[in-house]
Amino acid sequence: MRHVRYQQIAEELRERVVSGEFAAGQVMPSESQMGEIYQASRVTIRKALEVLRSEGLVESRQGFGWMAASIPVSQPLSGLTTIEAQVEASGRTTERRILGFSFVDTSNTPAAAKLGDRVLEVRRLNLADGQPFARVTVWCREDLGADLSKAQVAGSSFYDLIPVDVGGASQTIGADIVSDADAKLLDVPTGSAVLTVERTTFDTDGSAVLVAEHVFPAHLTRFEVELPSADFA
């Protein structure tokens, strides 16, 4: 039976998604761009995409457009761990790319001021299955980061590198609109939603040793917490 145009386009897009050309969570070309590629109207393109949506291969989100369907990485809040550990626990490969490594004055970084007047600042991009997953900035107390190298922070967590015993951390989670700079790094549309995390890590004496800022595309992760029953009597 001869397929109509939208079915032909759906077949081609299906092959591209299944082959991994569009990775899970990756934003696909817009409907107008696909219309130019396939020489078809937006109505025809949308009909083809709706076929793939019914098969669970693609999804659409406000502010993003169409993307290859993905299952968000779950990040339980039951203990102190790393992004890499959470990504690996979801069965995906993890990678970190160092974007910046320098010692800076905290007069320009208020979030890190609790660590002293000067800190080691490391900016990085975390990837999951080769796709941008989080933009992370970590500030380390100067005395603890003085002997660290760029190669070390590229290959290991600060928890494994700093010469103190970690006693715990406090963490604040929020939501925001992605900045232009982070939109480019995370490969998401300008104006889309992100989840933000600010974490302060303490040593066993209660002194702050690390401050970190994490920015996640909102569709790629979710935070989970168990709530034990309370005594209401």
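Since the structure is predicted, the reported quantities are computational estimates derived from the model, not experimental observations.
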Can you get from [X] to [Y] by hopping between Ile, Leu, Val, Met, Phe, Trp and Tyr side chains that sit under 4.5 Å apart?
{"X": "Val211", "Y": "Ile162", "result": "no"}
{"X": "Phe22", "Y": "Leu186", "result": "no"}
{"X": "Ile45", "Y": "Leu52", "result": "yes"}
{"X": "Val43", "Y": "Val58", "result": "no"}
{"X": "Val197", "Y": "Leu220", "result": "yes"}

Might you point out which heavy atoms bring [X] and [Y] nearest each other, and give the distance in Å?
{"X": "Pro189", "Y": "Val27", "value": "CD-CG2, 4.2 Å"}
{"X": "Arg222", "Y": "Ser74", "value": "NE-OG, 3.0 Å"}
{"X": "Ser156", "Y": "Arg96", "value": "O-NH1, 2.9 Å"}
{"X": "Val178", "Y": "Ala183", "value": "CG2-N, 3.4 Å"}
{"X": "Leu125", "Y": "Pro132", "value": "CD1-CB, 4.3 Å"}
{"X": "Arg42", "Y": "Ser32", "value": "NE-N, 4.2 Å"}

Quick one: does [X]'s side chain have a donor or acceptor within less than 3.5 Å of a partner on [Y]'s backbone?
{"X": "Asp203", "Y": "Asp165", "answer": "no"}
{"X": "Thr196", "Y": "Val215", "answer": "no"}
{"X": "Asp205", "Y": "Ser207", "answer": "no"}
{"X": "Thr221", "Y": "Val73", "answer": "yes"}

Compare all side-chain heavy atoms of [X] with those of [Y] and state whether any distance is below 4.5 angstrom.
{"X": "Val138", "Y": "Val153", "answer": "no"}
{"X": "Ile98", "Y": "Arg124", "answer": "yes"}
{"X": "Arg46", "Y": "Ser41", "answer": "no"}
{"X": "Leu49", "Y": "Met34", "answer": "yes"}

Apply side-chain contact (heavy atoms from CB on, under 4.5 Å) to the pair Tyr159 and Thr201, showing each step before the final yes or no.
CA-CA 9 Å; Tyr159 296 141; Thr201 302; 3.3 Å; yes
For the [atom1] atom of [X] and the [atom2] atom of [Y], what is their distance to the nearest 0.5 Å?
{"X": "Met28", "Y": "Glu59", "atom1": "CE", "atom2": "CD", "answer": "11.0 Å"}
{"X": "Gln33", "Y": "Trp66", "atom1": "CD", "atom2": "CH2", "answer": "15.0 Å"}
{"X": "Glu95", "Y": "Asp129", "atom1": "CD", "atom2": "CG", "answer": "11.0 Å"}
{"X": "Phe158", "Y": "Leu148", "atom1": "CZ", "atom2": "CG", "answer": "6.0 Å"}
{"X": "Asp182", "Y": "Asp187", "atom1": "CG", "atom2": "CG", "answer": "12.5 Å"}
{"X": "Glu121", "Y": "Leu99", "atom1": "CD", "atom2": "CG", "answer": "10.5 Å"}

Taking the inter-plane angle between the rings of Phe216 and His214 on a 0 to 90° scale, is it parallel (under 30°), tilted (30 to 60°) or perpendicular (over 60°)?
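Geometry flag for His214 against Phe216: parallel rings.
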Determine, step by step, whether Met67 and His219 satisfy the side-chain contact (heavy atoms from CB on, under 4.5 Å) criterion, reporting the C-alpha distance in whole Å, the side-chain angles of both residues, the deciding distance to 0.1 Å, and the verdict.
CA-CA 10 Å; Met67 63 183 69; His219 68 289; 3.4 Å; yes
Any donor-acceptor N or O pair under 3.5 Å, side chains [X], [Y]:
{"X": "Asp117", "Y": "Thr106", "value": "no"}
{"X": "Arg135", "Y": "Thr137", "value": "yes"}
{"X": "Thr44", "Y": "Tyr38", "value": "no"}

Take a 6.0 Å sphere around [atom1] of [X] and say whether it holds more than 12 heavy atoms from other residues, nucleotides or ligands.
{"X": "Arg14", "atom1": "CZ", "result": "yes"}
{"X": "Glu226", "atom1": "CD", "result": "no"}
{"X": "Asp160", "atom1": "CG", "result": "yes"}

Could you walk me through whether Arg118 and Asp105 pass side-chain contact (heavy atoms from CB on, under 4.5 Å), step by step?
CA-CA 4 Å; Arg118 192 168 172 79; Asp105 294 330; 3.2 Å; yes
Under the 6.0 Å and 45° cation-pi test, does Lys47 pair with Tyr6?
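Positive - Lys47 is close enough to the ring of Tyr6 and near enough to its axis.
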Step-by-step side-chain contact (heavy atoms from CB on, under 4.5 Å) determination, Arg123 to Leu185:
CA-CA 12 Å; Arg123 296 179 62 252; Leu185 279 175; 4.0 Å; yes
Quick test of your reading of the model: are Glu50 and Arg53 salt-bridged, counting only N-O distances below 4.0 Å?
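Yes, this pair counts.
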Among Ile83, Thr82, Leu127, Val87, exactly one meets side chain to side chain contact (heavy atoms under 4.5 Å, CB included) together with Thr94. Which residue is that?
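Result: among Ile83, Thr82, Leu127, Val87, Val87 is the only option passing the side chain to side chain contact (heavy atoms under 4.5 Å, CB included) with Thr94.
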